[in-house]
Structure formats: structure tokens, C-alpha cells
**Q** 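First the structure, then my questions, so here it is.
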Amino acid sequence: MKNNLIKSSMALLCLFIGMSGFCQQKIPNAENYIINDSVMIKTTYGITLSAVVVRKKGAQEKLPTALFYFIYSNTYRSLMDAKVAADHGYIGIVADARGKRLSKDTPAPYEHEVKDVNAVIDWIIAQPWSDGRVGMYGGSYSGFAQWAATKYLHPALKTIVPYVAAIPGQGLPMENNVFITANYQWPFYVTNNKYTDNVVNNDNARWRKMRGAWWDSGAAYNKIDSVDGTPNPWLQKWLSHPSYDSYWQNMVPVGNDFKKINIPVLSITGYYDDGQVSAIEYVREHYKYNPNAEHYLIIGPYDHFGAQLGGVPELRGYKVDSNALIDTKEITFQWFDFVFKGGKKPALLKDKINFEVMGASKWKHIASLDKMEKNKIRFYLDSTIGLSPRKPTKVEFATQVVDLQSRNTYYNEYYPDPIIKKEIGKENGVFYWTKPFKKSVSVSGALAGELKAIINKKDIDVGLVLYEVTPQGEYFQLSYYLGRASYAKDRTKRQLLVPGKVETIPFYRSRYFSKQIKEGSRLLLVLNIDKNPFAQINYGTGKDVSFETQKDAGTPLMIKWLNTSFIELGISDLDF
């Protein structure tokens, strides 16, 4: 009866999350495997973690361990993942985060993985079946946990394969110091019980109602849980750290920590991964502080969940090139064989950075992120002639006025769903177009550059969206940026703007992309401020934004966007 109930529940889960490949697997059986689904790992500092261990019967020699560490506890899934590792010739272990599944401790998302993951590794290498070597893999929270473990790198940890890895305080709950409401419910989802609170997490009607009620109320962002009617202590704790301060930095490697990370790393993310800014930040920082790092990247047209599988044939209305579809799990174990067993490197890894050019059905392989295209072009934001490769000879500006008190209009339509739109809102924002491309070229890289602006307040939250506009009039979204101007120069320290003064706002933590731009297409950059129910509203007073209310709006925000502002893009051919 119990097994039938588990199977029925998993069938429903499979339908819900669409992981058909995962769900086609069978529960390991005792005839072929040695299974322990109730391992308790006691740490030297007083807490206990639970884990599932699966070994293949008949293995005589000690083996390396494939460790998956996650917070979304599910015994069935843990058995499946551990079985896959055992089938590939490894000891398969799935460990639960503190306070989850069989652990009697209190869940504490993000805060203790630096210690807890390494405690699991300590336990692994003390077992008689371990050869003393551990590799880690997995996505999102599991990707974060791998990087957390490298902050004080355990000598037994020989490689990590993080997919769509999160950085707390970098991607969510805030992005470039702007708190986002996208996963407001996530703390409830992972801390309400020992497994996951799917009922709460999937109550989309509740969260829509909450966002709308908060927006209409004009209340401060730190009152959003009062609007919801349920205290959210984790949100409140996170809101007390609006800078990327020591609270966040203690959770992952920062700065010189990356110098000591000398193990091979394979990162995987997607152009439409919500947390891509985090995944890429790890790559960028690792190479910045350790130029000789053996760190490989695979990136293509995947979203947060798709990258963990290897892509889907159609993503948010975009038909993905067939050669962009990969098998993430199989590549992971090919990588493990390369590191642990002297096997061949996965065929896709022809260089350090491996990316698919959307629309060209082609993979490119280059040595570093800044070489995704042969040429880098600076486009100036000229309101009279659009996105221009020519530096303006005269300083001019486009004026934008925003009534921050009004609730009649949303500003900054940036989320790429669908990826291809028939039309976009043009009621606000400043629009900059290129001339039509004379021939097909590829454009690749991050949306990066520098804004020059004069404003009448002390701060703004900036939104930028980049599109390809086809000759047929479709808008293909390529990348976007969201960030707080007062943190643009230093995410750890707020530097308020001076009203009436020309301010420089650099930006680069956006989404990487690569796309074949059709002949006759144009690029469109939409520059805006962020004002909508999906994030904090920055009223520009200079106070902590979480405490600002609609009453702080004051006079309308007035921005003069100077034409010396620019973006830089990688382009395959200068004759475009």
C-alpha cells in the first residue's frame, strides 16, 4: 500500500514538473543495489543531517562518490538520483539540507552550507566503501551548495558540476540589490515542514492577490507579508541586508576565496535562466582571481529548469535549435569519468566557454567570456538617431518623467515570457533602435555598458531590455538588466545619487545570450525605471527602499538620459 501511494504521488509530481525522463526510472531494488534511505550524519558541531546512499552490489573496490545536496527533500527522488550515480559506477549519495527530511534541526536556507556540506564529505570519506574522493553535481540550490563547499575547499572534493547555481543576495531574493517578489513564497515552501510545502508554493492565486493588494496599498515593501496576512520572517531577515554585506558573503566564495579553488569545474546555465546572473558571476569571479582555473561553461537556450535537463524543444514560444538539446545528467557523468577515471572529456567541451548561437543551429567554443564574438561594438543611446556606433559630438538628452505615486501604469516589462512577442508596451520607457542589418550576423555576450543621467532624486532602479525586431515585426527578447543605481559601482556599499548632477551608472550583471540576427532585423533597447508589483518600488528619497511608501513619492521623478550613455555588444562582422 505504501509503495503504491508513493508511486501514485510521484506520477502526479512527474506530470506537474514535466520531468518525464526522471520519472521513467524505477525504484532501486535490493537484488542489484545496497540501499540505505535513512542515513544519519552527526556533525562535530551538534547538528544531524539525513541522506540516502545507493551502491551497486558486487563492487569489490572502493569507489569515488557522486554527491547531490539539496533542500527540496523527497525520498523517492533521492533514491532515483543516487541510483543513477550507482549505475554510472559511483557511490550515489543524496544529502538533505539542515532541518530537512529526517534531521531534527531547524531549517536555515543558505546560512550553513559552508559547514554542513563539508561535514557530509567528512562522513563520506570515513566510510569503508569510499576511495576518499568526492564529486558534487546538481542545480539551483544544489549548485549553490557546491560553491558554498568550496569557500573552505575540502581536500576530498575533487570536482563540482553546478547547474544554474544560485548566489544568495545576488540573484534572489534580490538582483543587483533590488528585492524581487518572484519567490516570496519560497521560504514557506522549504521551511514549513521536513519536505516541501507544495500547496503553499503552488497557490498562485494567493500570490497574485498579494502582489496586487500590496501595489494598490502603497505600503512599504517590508509590509508585504502583512498584506499577505502571514509573517515571513526569512523575508524580513533578508530585507535587513540590502547591501551585499558579510551576511551574504559568508555563504559563498568571494574575492580571494576563488584563488584557492583549484579543482576542475563544469558550470551549466541558460540564456533564459532566471538566476543566470549568479551562475555567470561564479565563472567570471573564478577566472578573475584564478586566471588558470580549469573551469568550463556550457550555456544555451535554456531556462532555470530546462538547463538542469538539457533543454526543451520549445521554450516559451521559441522553437529551440535541435542541436542545442543536450543531456545534462549524461554530460555530468562523462565529466566525472574524465576527472576520476581518466575518461574522455565530454565532446561538447572543445574550449572553456561553449555556447549555442540561437537561430544558427551552431555551437561556438572560445577561451573566455569576453571573446564570444570577434568584435565589440559600442552603441550610444542617441534619442534622435537611435542606437548609434558613432560617439555623439554634442551632448543631448532624452527626458523621462515618472509619477511614482500613480498606480495606473507598470514600468519595465522585462520578463521574457514569451520570448517572441507580437508587440510590446510602448506607453513608457525610452526606445533606441539600430538601423536594419544589411546582412545576417551573430550578436553575443552580456547586456553591458554605462548610463549617464541627471535625476531630481537620490536613487532609481534601472531596467534595460534588448530585443531583435525582425522584418516581420516580431520582438525576440535577447537579454535584460535590472539594478539599483546607488549600488551600481559597489554592490556592498550604497552611494546615493546627487540630484541635478550628471551621474554615471555602470552595469554588466545581466543575461548573456547569443543569437543569429537576421538580415533586415534591427536591435531595440528599451531603457526604463522599474516600477511594478513584482519588486520593491524605489521612491528615490535615499531611505532604505524597503521602508519607503507611496507617500514618499513626492514630486514626479524626472530623468535626463544623456546620449553619452552606451551599451557594448559582441558582433561577428563589423560590416553590418
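All values derive from a computational prediction rather than experimental measurement. One is the number of the first residue; the rest follow in order along the sequence.
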**Q** Is there a donor-acceptor contact under 3.5 Å from the side chain of Gln276 to the main chain of Thr269?
**A**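 No; zero donor-acceptor contacts below 3.5 Å.
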**Q** If we only count heavy atoms from C-beta on, is the Val312 to Asp303 side-chain gap below 4.5 Å?
**A**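 Not in contact.
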**Q** Can you find a pair of side-chain heavy atoms, one from Val52 and one from Val39, that are under 4.5 Å apart?
**A**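 Val52 vs Val39: side chains apart.
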**Q** Could you tell me whether Lys223 atom NZ has more than 12 heavy atoms of other residues or ligands within 6.0 Å of it?
**A**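 Incorrect, the count does not exceed 12.
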**Q** Is there a donor-acceptor pair closer than 3.5 Å between any side-chain N or O of Asn183 and the backbone N or O of Gln185?
**A**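 Flag not set: sc Asn183 to bb Gln185 has no pair under 3.5 Å.
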**Q** Would one find more than 12 heavy atoms of other residues, nucleotides or ligands at under 6.0 Å from atom NZ of Lys341?
**A**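 It does: Lys341 NZ has more than 12 such atoms within range.
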**Q** Among side-chain atoms of Tyr487 and Gln495, is any donor-acceptor pair under 3.5 angstrom?
**A**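 Their side chains do not contain a donor-acceptor pair, so the 3.5 Å distance test is not met.
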**Q** Got a second to check how far Thr191's OG1 is from Asp197's CG, nearest 0.5 Å?
**A**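 Interatomic distance, Thr191 OG1 to Asp197 CG, rounded to 0.5 Å: 9.0 Å.
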**Q** Looking at Ser240 and Lys237, would you say the former's side chain and the latter's main chain have a donor-acceptor pair under 3.5 Å?
**A**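 Between the backbone of Lys237 and the side chain of Ser240 there is a qualifying donor-acceptor contact (under 3.5 Å).
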**Q** Is it the case that the side chain of Ser142 and the backbone of Gly138 share a donor-acceptor pair, with hydrogens and angles ignored and the cut-off at 3.5 Å?
**A**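 Not confirmed, Ser142 side chain does not pair with Gly138 backbone.
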**Q** Evaluate the ring planes of Phe144 and Tyr110, with Trp represented by its six-membered ring, and classify them as parallel (under 30°), tilted (30 to 60°) or perpendicular (over 60°).
**A**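 Judged by the thresholds at 30° and 60°, the geometry between Phe144 and Tyr110 is perpendicular.
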**Q** Are any side-chain N or O atoms of Arg133 and backbone N or O atoms of Ala156, one a donor and one an acceptor, separated by less than 3.5 Å?
**A**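 Not confirmed, Arg133 side chain does not pair with Ala156 backbone.
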**Q** Cation over ring, Lys158 on Phe340, under 6.0 Å and within 45°?
**A**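 So Lys158 doesn't make the cation-pi contact.
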**Q** Under 6.0 Å between ring centres, would you say that holds for Tyr271 and Tyr512?
**A**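 Centroid distance Tyr271-Tyr512: not below 6.0 Å, so no.
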**Q** To the nearest 0.5 angstrom, please state how far the CD1 atom of Ile41 sits from the CD1 atom of Ile124.
**A**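 Result: 6.5 Å between the selected atoms.
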**Q** Output yes when a side-chain donor or acceptor of Thr48 lies under 3.5 Å from a complementary backbone atom of Ser103, and no otherwise.
**A**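 No; judged by distance alone, with no hydrogens or angles, the pair does not exist.
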**Q** Would you confirm whether Ser278, through its side chain, and Ile167, through its main-chain N or O, come within 3.5 Å as a donor-acceptor pair?
**A**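 Side chain of Ser278 to backbone of Ile167, a donor-acceptor pair under 3.5 Å: yes, one is there.
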**Q** Does Ser479 use its side chain to pair, donor to acceptor, with the backbone of Arg511 at less than 3.5 Å?
**A**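 Pair found, side chain donor or acceptor close to backbone of Arg511.
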**Q** Would you check if Trp186 and Ile71 make a side-chain contact, meaning some heavy-atom pair closer than 4.5 Å?
**A**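 A side-chain contact exists here, since the closest heavy-atom pair is under 4.5 Å.
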**Q** Please determine, by modelled atom types, if Asn532 and Asp530 share a side-chain donor-acceptor pair under 3.5 angstrom.
**A**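 Indeed, the side chains of Asn532 and Asp530 share at least one donor-acceptor pair under 3.5 Å.
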**Q** Which distance, rounded to the nearest 0.5 Å, do you find between the CD1 of Ile331 and the CD1 of Ile326?
**A**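 Answer for the CD1-CD1 pair, Ile331 versus Ile326, is 4.0 Å.
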**Q** I would like to know whether Leu315 and Tyr302 meet side chain to side chain contact (heavy atoms under 4.5 Å, CB included); could you show each step before the answer?
**A** CA-CA 7 Å; Leu315 178 62; Tyr302 319 123; 5.6 Å; no
**Q** Side chains of Trp363 and His365, heavy atoms from C-beta outward: is any pair under 4.5 Å?
**A**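 They are in contact (side-chain heavy atoms under 4.5 Å apart), so the answer is yes.
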**Q** Which atoms form the tightest heavy-atom contact between Val178 and Gly483, and what is the distance?
**A**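 The pair with the smallest heavy-atom distance is CG2-C, 3.8 Å.
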**Q** Regarding His304 and Asp274, is there a side-chain donor-to-acceptor distance under 3.5 Å anywhere?
**A**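 No, Asp274 and His304 have no side-chain donor paired with an acceptor closer than 3.5 Å.
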**Q** Would you check if the side chain of Asp228 reaches a backbone N or O of Ile224 as a donor-acceptor pair within less than 3.5 Å?
**A**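 No; judged by distance alone, with no hydrogens or angles, the pair does not exist.
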**Q** Could you tell me whether the side chains of Thr181 and Arg211 share a donor-acceptor contact shorter than 3.5 Å?
**A**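 No.
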**Q** Between Gln536 and Ser546, do the side chains contain an N or O donor and an N or O acceptor separated by less than 3.5 Å?
**A**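 Distance-only check passes for Gln536 and Ser546.
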**Q** Does a salt bridge link Asp81 with Lys329, judged by any charged N lying under 4.0 Å from a carboxylate O?
**A**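 Salt bridge: yes.
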**Q** With a 4.0 Å cut-off on N to O distance, would you call Lys194 and Asp96 a salt bridge?
**A**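 The answer is no: the pair does not qualify as a salt bridge.
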**Q** Once you measure the plane-to-plane angle for Tyr163 and Tyr137, does it fall in the parallel (<30°), tilted (30-60°) or perpendicular (>60°) bin?
**A**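 Ring orientation, 0 to 90° scale: tilted.
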**Q** Can you name the closest pair of heavy atoms from Ser73 and Lys100 and give their distance?
**A**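 It is OG-CB, 3.1 Å.
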**Q** Taking C-beta and beyond as the side chain, do Met136 and Val117 meet within less than 4.5 Å on heavy atoms?
**A**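 In contact.
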**Q** Answer yes if the ring centres of His295 and Trp147 are under 6.0 angstrom apart, and no otherwise.
**A**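 Yes - the distance between ring centres of His295 and Trp147 falls below the 6.0 Å cut-off.
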**Q** How are the rings of Tyr480 and Tyr414 set relative to one another: parallel (under 30°), tilted (30 to 60°) or perpendicular (over 60°)?
**A**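 Judged by the thresholds at 30° and 60°, the geometry between Tyr480 and Tyr414 is tilted.
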**Q** When the aromatic ring centroids of Tyr184 and Trp207 are compared, is their separation below 6.0 Å?
**A**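 Here the rings of Trp207 and Tyr184 have centres that are less than 6.0 Å from each other.
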**Q** Centroid-to-centroid, Tyr72 to Tyr189, below 6.0 Å?
**A**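 They qualify: ring centres under 6.0 Å apart.
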**Q** What pair of heavy atoms forms the shortest contact from Ser130 to Lys62, and how long is it?
**A**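 Looks like O-CD, 3.3 Å.
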**Q** Identify whether the distance between the nearest side-chain nitrogen and carboxylate oxygen of Glu175 and Arg491 falls below 4.0 Å.
**A**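 Salt bridge: no.
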**Q** Under a 3.5 Å threshold, yes or no: a donor from one side chain and an acceptor from the other, between Asn232 and Asp225?
**A**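 No, Asp225 and Asn232 have no side-chain donor paired with an acceptor closer than 3.5 Å.
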**Q** Can you tell me how far the OH atom of Tyr69 sits from the CD atom of Gln146, to the nearest 0.5 Å?
**A**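 Nearest 0.5 Å value for the OH-CD distance: 12.0 Å.
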**Q** Quick one: sort the Phe333 and His88 rings into parallel, tilted or perpendicular, breaks at 30° and 60°.
**A**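 Ring orientation of Phe333 relative to His88: parallel.
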**Q** Minimum heavy-atom separation for Thr196 to Asn193, with atom names?
**A**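 Where Thr196 meets Asn193 most closely, the heavy atoms are N-OD1, 3.2 Å.
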**Q** Please name all residues satisfying ring-ring contact (aromatic ring centres under 6.0 Å, His included) with Phe338, sequence neighbours left out, ordered by chain then number.
**A**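 Phe338 satisfies ring-ring contact (aromatic ring centres under 6.0 Å, His included) with Trp335 only.
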**Q** Show the numbers, then the answer: is there a side chain to side chain contact (heavy atoms under 4.5 Å, CB included) between Val53 and Ile91?
**A** CA-CA 7 Å; Val53 179; Ile91 306 297; 4.1 Å; yes
**Q** For Ile125 versus His154, what's the shortest heavy-atom pair and its separation?
**A**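 Residues Ile125 and His154, closest heavy atoms: CD1-CE1, 3.7 Å.
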**Q** Relative to each other, are the rings of Tyr481 and Phe507 parallel, tilted or perpendicular (30° and 60° limits)?
**A**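 Because their plane-to-plane angle lies in the 30° to 60° range, the rings of Tyr481 and Phe507 count as tilted.
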**Q** Nearest 0.5 Å, what's the CG-CD1 distance between Leu297 and Ile353?
**A**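 Leu297 CG to Ile353 CD1: 4.5 Å, rounded to 0.5 Å.
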**Q** Would the distance check show the side chain of Thr328 and the main-chain N or O of Ala307 forming a donor-acceptor pair, the cut-off being under 3.5 Å?
**A**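 Side chain of Thr328 to backbone of Ala307, a donor-acceptor pair under 3.5 Å: yes, one is there.
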**Q** Return the set of residues passing salt bridge (charged side-chain N to carboxylate O under 4.0 Å, His left out) with Lys56 (not counting sequence neighbours), or none when no residue passes.
**A**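 Testing Lys56 for salt bridge (charged side-chain N to carboxylate O under 4.0 Å, His left out), a comparison that skips the adjacent residues, returns Asp87.
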**Q** Applying ring-ring contact (aromatic ring centres under 6.0 Å, His included), run through Tyr221 and Trp214 and close with a yes or a no.
**A** CA-CA 8 Å; Tyr221 194 78; Trp214 168 74; 5.3 Å; yes
**Q** How about Asp245 and Ser243: does a side-chain donor come under 3.5 Å of a side-chain acceptor?
**A**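 Not at all, the side chains of Asp245 and Ser243 share no donor-acceptor pair under 3.5 Å.
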**Q** Please report the interatomic distance NZ(Lys350) to CG(Leu348), rounded to the nearest 0.5 Å.
**A**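 So the NZ of Lys350 and the CG of Leu348 are separated by 6.5 Å.
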**Q** Find out whether the Lys NZ or Arg CZ of Lys259 is both under 6.0 angstrom from the six-membered ring centre of Tyr289 and within 45° of the ring's axis.
**A**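 Lys259 over Tyr289 ring: no.
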**Q** I want to check something: taking the side chain as every heavy atom from C-beta on, are Arg55 and Leu63 in contact at a cut-off of under 4.5 Å?
**A**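 Side-chain contact under 4.5 Å: no.
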**Q** Among Ile268, Ile280, Asp273, Val283, which residue satisfies the side-chain contact (heavy atoms from CB on, under 4.5 Å) criterion with Ile299?
**A**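 The residue from Ile268, Ile280, Asp273, Val283 that satisfies side-chain contact (heavy atoms from CB on, under 4.5 Å) with Ile299 turns out to be Ile280.
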**Q** Under 3.5 Å, is there a donor-acceptor pair linking the side chains of Asp116 and His112?
**A**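 No donor-acceptor contact under 3.5 Å links the two side chains.
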**Q** If the threshold is 4.0 Å, N to carboxylate O, is there a salt bridge linking Asp105 and Arg98?
**A**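 Salt bridge: no.
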**Q** Closest heavy-atom contact between Ala293 and Lys352?
**A**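 The pair with the smallest heavy-atom distance is O-NZ, 3.3 Å.
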